Amino acid sequence: MNALVRLAGIMVAATALSAPVLAQTTVVAPSGSTAGTYMDYMKTVYDRGTGSELLQIPIATFDKEFELTPMAAESWTQSEDGLTWTFKLRPGLVWSDGEPLTAEDFVFALQRAATSGYDFAWYWDFAGGIRGWKEVTEGTADVSTLGLKAVDDVTIEVTTVAPKPYLPSVTSLWYPVPKHKVDELGDDWALDVATIVSSGPFEIESWEKSNNSVVLTKSDTYTGPWSPLIDRLELDPTLNAPEVGLPAFLAGDADYSFLNTGQVPVATARYPDGIRKNAVFATSYISYDLDAAPFNDVNVRRAFYYAVDRAELTSTVLKDIAIPAGSILPPGYPGYNPDIAAEAVFDPERAKQFLADAGFPNGEGFPEVEIWYREEGGYNGAIVPAMAQYLQAEFKEVLGISLNIRALPGPEWMDGLRGKKNNIFIAPYEYDYLDPSNFYGIFYNGGRHGYFIPEYDEIIAKADSESDWDTRYKLYAEAEQLMIDQGLIVPLVHPVTIAVVSDQLTGDGVAPNSLGFTQLDRLGHYFFTHITKQ
Amino acid sequence: MTAHIIRRILSVAFTFIVVSIIIFLMMHSVPGGPFDANDMPVSEAVRAKMMAQWGLDQPLHVQYFNYMWGVLHLDFGVPFQSPGETVVELISRAWVPSLILGGSGVLIGAPLGILLGMAAALNRNTWIDYLASTLATLGLTIPVFVTSMLLILIFAVWLNWLPASGWPQPNRWILPIACYAAIPLATYARYTRSAVLDTLNRPFVTVLRAKGLSERRIVFQHVMRNSAIPLVTVFLPMFIGTATGSIFVEAMFRVPGLGAYFVSSIEVRDYTLQMALMLLITFMYCLAYLLSDIAYALLNPRIRVGGAE
């Protein structure tokens, strides 16, 4: 009898112990890029280890309705003069090794970023406008002059060069760096799973560097908002290509997959409830070297603006993967102005007239030009090459001009753009933070394209520092009208990504938002903490 | 024979140096560098700092000699793509999956190809021959990414017998190995068929037949040995080509292997890794041809004594 009781006891205990193991939920998702050097978002953005951002807690982040949600910060206030922001951190935040997470870790993250060759350093000047940022990154001022201060363990002060009413949304890409680890190991702390510490909702279990795939687990030290509902998360960049992702999804190896155009009808027929769309906050547009012939003539640029049939483009070659773009801002993005977007019509007669006004009636005498685009994967890889060919045919037909196409690797394309080595480009841009200043900033004072339009710069500077939203909205519309009148760019399309999601995956993360879009891993902090798996 | 081998080793060393110079110059003549702007401009100060950190601010010839001096000590530097380890560590880590899958592919595909080729040659112009030729042609002409897709579709999606892709569980190895085996199988089937037919038509076989030897002895003892030379020639280069990983197969089956590094090191201007991979391949091909030469000599005494046919 005694033995029986003991046996029963052991069995109960064993069941109790094994229960959490049985209940472990693992989600396998396509995410990240196959190249990853450091598991540290504040060291490298473009070559970061997959999931770097999920390992750390940002100051704030966006939920699926694009509402800014405080994360590490509990609250923030702006000073009277609009130049200083004070962020109050939540008490009790800790690193996964038990060390307290303080304001100093956030300040240190940016001080290090400004001085150590951070590949995203431009963001904190362009978007953040932090006082002294440019001078420090260029090596002409000391790091102590930066407008950043840890007032005490839970208070951060940020001073900007001009009032930045949207600074809190910029902080969605501000993650802490464990100063105690960097003091001990230098940058190498973020190279080895054994020394990586986290402050976010997930911890790292393993990292396969050959393809930058990771296994993350739910953090048991995380005290911030949005605790994960799943136990393990496998993020695998090799699943990103729909050609690889969909077969893995069909075989049950992945919980969702992105779809290419050919796969959309098949997947929609088979999983009508599993299809999710996301209008990426991104725009593909034509830009020029404004100083070089023939595009130094505004009439030529305006001819191009009216020569594109965006409706045909997005209903034929880019069916399901893009929508027409009438402005640099995508629909649904703050500041989007439908009236401005409506100006981008296909008007072949007007286009021809502009070209004739420029001295090239029916394209006669127009030099051969070559449009440069960047070779890349992801949604741009699916859109841009096809679009380039479409434009080639379109410009021939409407304007009677010959457009050659050249694909270049990223750095060469960027070098060509910056160095003005060519006169016309297809440029894609995806938002970094949710404010119109993000998109307008890429043409501000040189910016990404080497555009220097004093009139435009003046409007943007005013709009960026204006605290009244309605006034800002009007100013940005004014700036965009100026872009149209001067033909600075030709907005072409906004990409759309389509994915198929397993019916085992449930929760708010996979439910579309009020615009009907599902961001999936594009809003990683929200998505991966708001899904469950049955 | 020894003099021949010494000559070959010297020529290998010479090739190695010439290739290293060419690769180095080509690599640096490609516009752009490892720390160039991606999406938005990188400040010149930031870029210069990174370049200096990796010694890329020095004159090219100094960089070359520094690198090659390291190579002599088996120090190939640190890959820009993976700063936490040395190039040697990276290659030895990433090569394992490629070697297992690609190597097994050749080791399985080649003997099957030889059998198929022999069956075709010995049954010339029968259905066996036609079937073998069809298989061989398909194997050589269908691109590997199509083969991979078909294998995944049939065995993972429809039949659900095997996982579609991934690493490291051995049941995930089967489909990529099958995929890798297709090319050696097809190549060997074709080579073997023509080599065996060629040998069968030679006068000494007629003599052997006239002497009354059994067909089995003629084929296995004489024809096979005499048909082996072209097969030996292709084996090692094929093994090296396959066992260093194919970017297509590895991408389709999500194998964390070496294949992708051949492309990514060029794309991101990862100079140290690019040089190391090219030198590795050069070295292996040189070695392969050296070994093939020796194997020739063992198989064919006329080569051993330096005579011509």
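Throughout, protein chains are lettered first and strands after them, A, B, ... in sequence-line order, and every chain is numbered starting at 1. Quick caveat: nothing in here was measured; it's all calculated off a predicted structure. Quick note: numbers below take in every heavy atom, side chains included, and nothing from hydrogens, waters or symmetry partners.
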_Is the ring pair B/Phe248/B/Phe145 parallel, tilted or perpendicular, if the boundaries are 30 and 60 degrees?_
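Rings of B/Phe248 and B/Phe145: tilted, as their planes differ by 30° to 60°.
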According to the interplanar angle, ranging from 0 to 90°, do the rings of B/Trp167 and B/Trp173 count as parallel (below 30°), tilted (30 to 60°) or perpendicular (above 60°)?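 Geometry flag for B/Trp173 against B/Trp167: parallel rings.
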Please state whether the side chain, the backbone, both or neither of [X] comes within less than 4.5 Å of a heavy atom of chain B.
X: A/Thr140; value: neither
X: A/Ala248; value: both
X: A/Asp187; value: neither
X: A/Phe120; value: neither
X: A/Leu239; value: both

Does the ring center of B/Phe65 lie less than 6.0 Å from the ring center of B/Trp69?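 B/Phe65 vs B/Trp69: aromatic centres not under 6.0 Å.
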Would you check if there is a donor-acceptor pair between the side chains of [Y] and [X] at a distance under 3.5 Å?
X: A/Ser437; Y: A/Tyr444; result: no
X: B/Gln63; Y: B/Tyr271; result: no
X: B/Glu250; Y: B/Ser98; result: yes
X: B/Thr272; Y: B/Asp270; result: yes
X: A/Glu135; Y: A/Trp133; result: no

Chain A: which of [options] shares the most heavy-atom pairs with it under 4.5 Å?
options: B/Gly84, B/Pro256, B/Ser264; answer: B/Pro256
options: B/Pro83, B/Ala251, B/Pro79, B/Ser82; answer: B/Pro83
options: B/Arg269, B/Arg93, B/Glu267; answer: B/Arg93

Between [X] and chain A, which part of the residue has a heavy atom less than 4.5 Å away: side chain, backbone, both or neither?
X: B/Ala260; result: neither
X: B/Phe80; result: backbone
X: B/Val30; result: side chain

- Query: Could you walk me through whether A/Leu233 and A/Thr26 pass the side-chain contact (heavy atoms from CB on, under 4.5 Å) check?
  - Reply: CA-CA 6 Å; A/Leu233 176 61; A/Thr26 299; over 6 Å; no
Looking at [Y] and [X], is any side-chain nitrogen of the basic one under 4.0 Å from a carboxylate oxygen of the acidic one?
X: A/Asp119; Y: A/Lys43; value: no
X: A/Glu375; Y: A/Arg406; value: no
X: A/Lys181; Y: A/Asp40; value: no

Top contributor to chain B interface from [options] [non-hydrogen pairs under 4.5 Å]:
options: A/Ala427, A/Pro247, A/Gly446; result: A/Pro247
options: A/Thr34, A/Thr137, A/Val45, A/Leu408; result: A/Thr137
options: A/Glu243, A/Glu412, A/His449; result: A/Glu412

Let me know which of A/Phe126, A/Tyr118, A/Trp124 forms a ring-ring contact (aromatic ring centres under 6.0 Å, His included) with A/Trp122.
->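 Of the listed residues A/Phe126, A/Tyr118, A/Trp124, the ring-ring contact (aromatic ring centres under 6.0 Å, His included) partner of A/Trp122 is A/Phe126.
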By number, which residues in residues 205-215 of chain A have some heavy atom less than 4.5 Å away from chain B?
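Within residues 205-215 of chain A, the residues that come under 4.5 Å of chain B (heavy atoms only) are A/Glu208, A/Lys209, A/Ser210, A/Asn211.
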